[in-house]
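Below you'll find the structure, written out as structure tokens, and then a few comments.
Residue indices begin at 1 and follow the sequence shown. No experiment lies behind these values; they were computed from the predicted model shown.
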Amino acid sequence: MSVTTTVTLAGGVELPRVGFGTWQLSGRRAYDAVRYALDAGYRHIDTATMYGNEQEIGRALRDSGLARDDIFLTTKLPAERAKRAGETLDASLRALDVEAVDLWLIHWPTSARELVPTWEAFIAARADGLARAIGVSNFNVTQMDRITAETGEAPALNQVPWSPFEHDAVRLMEHGERGIVVEGYSPFKRSDLRSPTLAKVAAAHGVTPAQVVLRWHLQHGIVVIPKSATPERIDENLNVFGFDLTSDEMVALDSLSR
Ligand SMILES: NC(=O)c1ccc[n+]([C@@H]2O[C@H](COP(=O)([O-])OP(=O)(O)OC[C@H]3O[C@@H](n4cnc5c(N)ncnc54)[C@H](OP(=O)(O)O)[C@@H]3O)[C@@H](O)[C@H]2O)c1
């Protein structure tokens, strides 16, 4: 099965299917890892207000010499800043040293009362040109349906934990029916990379178990954002477009979640 390198979000924004995660990378380590990732070919960087590394990422982007338009940048609003969404986005933009982010996410659900007003603030930020696309993270379908029903605007994407060890075909389908892209986080932390099934599939393709995990996401249409501070692994994690898992292998990997 061939997989394109980008997916188009509702609203027309193109998102690279493999991004670079930056949670727990701070200071010099964040700068070095993001510089390396950009040199290696990553064009999608995932950060958050909570990660405390937006300034280092901004500097890495600047020093990379790449054009701003060539990089897809995601940041996230902590739920407890819901009432200060606008000023929090401004701080992110200042730290990242950009005029707009490509995707702004509500990092996790706010209280039920703040859910719709927060989503309205996101819609306003996009209208003001401060975020090209908007979405959510760690939301369930009921929460997404509520903000959609009350504003007429569905999130473009939901960033949630995902791996072959916790595959949920029904949940994936529910996102697809709503035109909401699933972006999987912690692909490795939520996998057993020593699993015999992964080892067998990896050996059949001459790749690593980690690459099998990422390829499995892509063949399910799930955007994935692995994090690594190790240069060889940063390269390895982007090198997942040159092999195809068979449908039998996909079924075997899906079964790891049972
Ligand atoms: N929205 C949310 O609530 C949320 C929550 C969690 C994460 N995220 C996002 O998702 C990103 C990824 O998730 P994550 O950081 O939790 O975990 P992850 O990407 O699943 O795993 C990172 C760990 O795997 C190791 N690793 C990386 N590549 C490897 C490879 N090829 N082979 C073996 N081990 C490898 C890394 O080690 P080294 O670094 O030492 O190489 C690190 O210990 C985060 O960085 C963040 O951007 C979002």
Within 45° cone of Tyr31 ring axis and under 6.0 Å: Arg59 NZ or CZ: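 Verdict for Tyr31: a cation-pi partner in Arg59.
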Joint hydrophobic cluster, Tyr185 plus Trp23, side-chain heavy atoms closer than 4.5 Å: no
Neighbour count above 12 (heavy atom, 6.0 Å) for Glu99 CD: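 Not buried by this count: 12 neighbours or fewer within 6.0 Å.
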Greater than 12 external heavy atoms within 6.0 Å of Glu166's CD: yes
Positive for salt bridge (Lys or Arg N to Asp or Glu O under 4.0 Å) with Asp192, one of Arg190, Arg194, Lys189: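 Passing option: Arg194.
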Just checking, is any N or O donor in the side chain of [X] or [Y] under 3.5 Å from an acceptor N or O on the other one?
X      : Y      : result
Asn53  : Thr22  : yes
Glu54  : Thr47  : no
Arg17  : Thr4   : yes
Glu14  : Thr6   : yes
Thr208 : Glu236 : yes
His220 : Asp254 : yes

Answer yes or no: is there an ion pair linking [X] with [Y], defined by an N-O contact shorter than 4.0 Å?
X      : Y      : answer
Asp244 : Arg215 : yes
Asp97  : Arg62  : yes
Glu153 : Arg126 : yes
Glu150 : Arg146 : yes

From Arg28, Arg35, Arg29, residue fulfilling side-chain hydrogen bond (donor to acceptor under 3.5 Å, both in side chains) relative to Asp32: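 It is Arg28, the one option of Arg28, Arg35, Arg29 that forms the side-chain hydrogen bond (donor to acceptor under 3.5 Å, both in side chains) with Asp32.
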Test item: Gln211 and His205 side chains (from C-beta on) under 4.5 Å apart, heavy atoms: no
Interatomic spacing from CG in Leu198 to CG in Leu256 - rounded to 0.5 Å: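 Leu198 CG to Leu256 CG: 6.0 Å, rounded to 0.5 Å.
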Mutual orientation of the aromatic rings belonging to Trp104 and Phe122 [parallel < 30°, tilted 30-60°, perpendicular > 60°]: parallel
His167-Trp216 aromatic ring centre distance below 6.0 Å: yes
